[in-house]
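Note that this is a predicted model, so its numbers are computed, not measured. Protein chains get the first letters and strands the later ones, always in sequence-line order, with residue 1 at the start of each.
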Amino acid sequence: GAVVSQHPSRVICKSGTSVKIECRSLDFQATTMFWYRQFPKQSLMLMATSNEGSKATYEQGVEKDKFLINHASLTLSTLTVTSAHPEDSSFYICSANDRGRGHIGRSLETQYFGPGTRLLVL
Amino acid sequence: TQLLEQSPQFLSIQEGENLTVYCNSSSVFSSLQWYRQEPGEGPVLLVTVVTGGEVKKLKRLTFQFGDARKDSSLHITAAQPGDTGLYLCAGASTGFQKLVFGTGTRLLVSP
């Protein structure tokens, strides 16, 4: 249980184009999803917190007009990198909180991570 | 700003050796999690500790949460090449959904 998927797993795009990354919770409902960015050999950096049915909360220094987040349902959040540039090339990872709706043994604060999406902007 | 410092940043050892990774902060956390991440993949949860002084064992891995819930350690006994990866600690504060991730420890276990 507690599986999170991401699509695509890797994407190459030209500078100036937009790229959409999907994050889905497959066997549980996630009222909250998180988007992280990870540069090579570094830790995860939280970009934004995505709440179902409301606007995302962005971390300081993250441009909300550049990284558009939509959380339209309890199992899907999307991150769109608009007008991508080479410096946006990175590994993007989502995670979802399983709020423990009737599931025994799951912590309220446990996040389950997707497999990540490798973005390369040429 | 909450920060979690991990040490060492990088560790290269031979198969069979023991090692300890530390995760330290000046902040108190309601729970702390340890993840292992392999290249090109998302982090995989290893354990969650919630009680000060708590010790949890997962086969050859032993996790401890500090009494004051500000620090944690991960000890691996008889390391194997399959233990190679990036180890991340992450702390959660009561009432907040966000995790604060540590700086990471990259482990390389050679045969």
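- Taking hydrophobic clusters as Ile, Leu, Val, Met, Phe, Trp and Tyr residues chained together by side-chain heavy-atom distances below 4.5 Å, A:Met33 does not share a cluster with A:Leu79.
- Enclosure of atom NZ in A:Lys20 is not indicated, since only 12 or fewer non-hydrogen atoms of other residues, nucleotides or ligands lie within 6.0 angstrom.
- Using a 4.5 Å cut-off between non-hydrogen atoms, the part of residues 36-43 of chain B that approaches chain A consists of B:Gln37, B:Gly40, B:Glu41, B:Gly42, B:Pro43.
- Listed here is the closest heavy atom pair of B:Gly102 and A:Ser43: O-OG, 2.5 Å.
- Both A:Met45 and A:Leu119 belong to a single network of hydrophobic side chains, linked directly or stepwise wherever heavy atoms of I, L, V, M, F, W or Y lie under 4.5 Å apart.
- Contacts between A:Ile93 and chain B at a heavy-atom distance below 4.5 Å involve the side chain alone, from C-beta outward.
- With sequence neighbours left out, the ring pair (Phe, Tyr, Trp, His ring centres under 6.0 Å) criterion links A:Phe34 to no other residue.
- With a 6.0 Å radius and a threshold of 12 heavy atoms from other residues, nucleotides or ligands, B:Gln9 has its CD atom at or below the threshold.
- In this structure, the portion of A:Glu59 lying under 4.5 Å from any heavy atom of chain B is its side chain and not its backbone.
- Atom NZ of A:Lys41 is separated from atom CG of B:Leu86 by 11.5 Å, given to the nearest 0.5 angstrom.
- Atoms CG and CZ, on B:Leu88 and A:Phe113 in that order, are 8.5 Å from each other to the nearest 0.5 Å.
- Here the side chains of B:Lys98 and A:Thr57 are not in contact, with every heavy-atom distance at 4.5 Å or above.
- Note on residues 52-68 of chain B: pairs passing side-chain hydrogen bond (donor to acceptor under 3.5 Å, both in side chains), not counting sequence neighbours, are B:Arg60-B:Asp83.
- With a 4.5 angstrom heavy-atom cutoff, A:Gln6 does not touch chain B via any of its atoms.
- Sorted by first and then second residue, the ring pair (Phe, Tyr, Trp, His ring centres under 6.0 Å) pairs with a member in residues 38-85 of chain A form an empty list; sequence neighbours excluded.
- In the hydrophobic clustering of this structure, A:Leu44 does not group with A:Trp35; members are Ile, Leu, Val, Met, Phe, Trp, Tyr whose side-chain heavy atoms approach within less than 4.5 Å, directly or through other members.
- Rounding to the nearest 0.5 Å places CZ of B:Phe101 at 9.0 Å from CD of A:Gln38.
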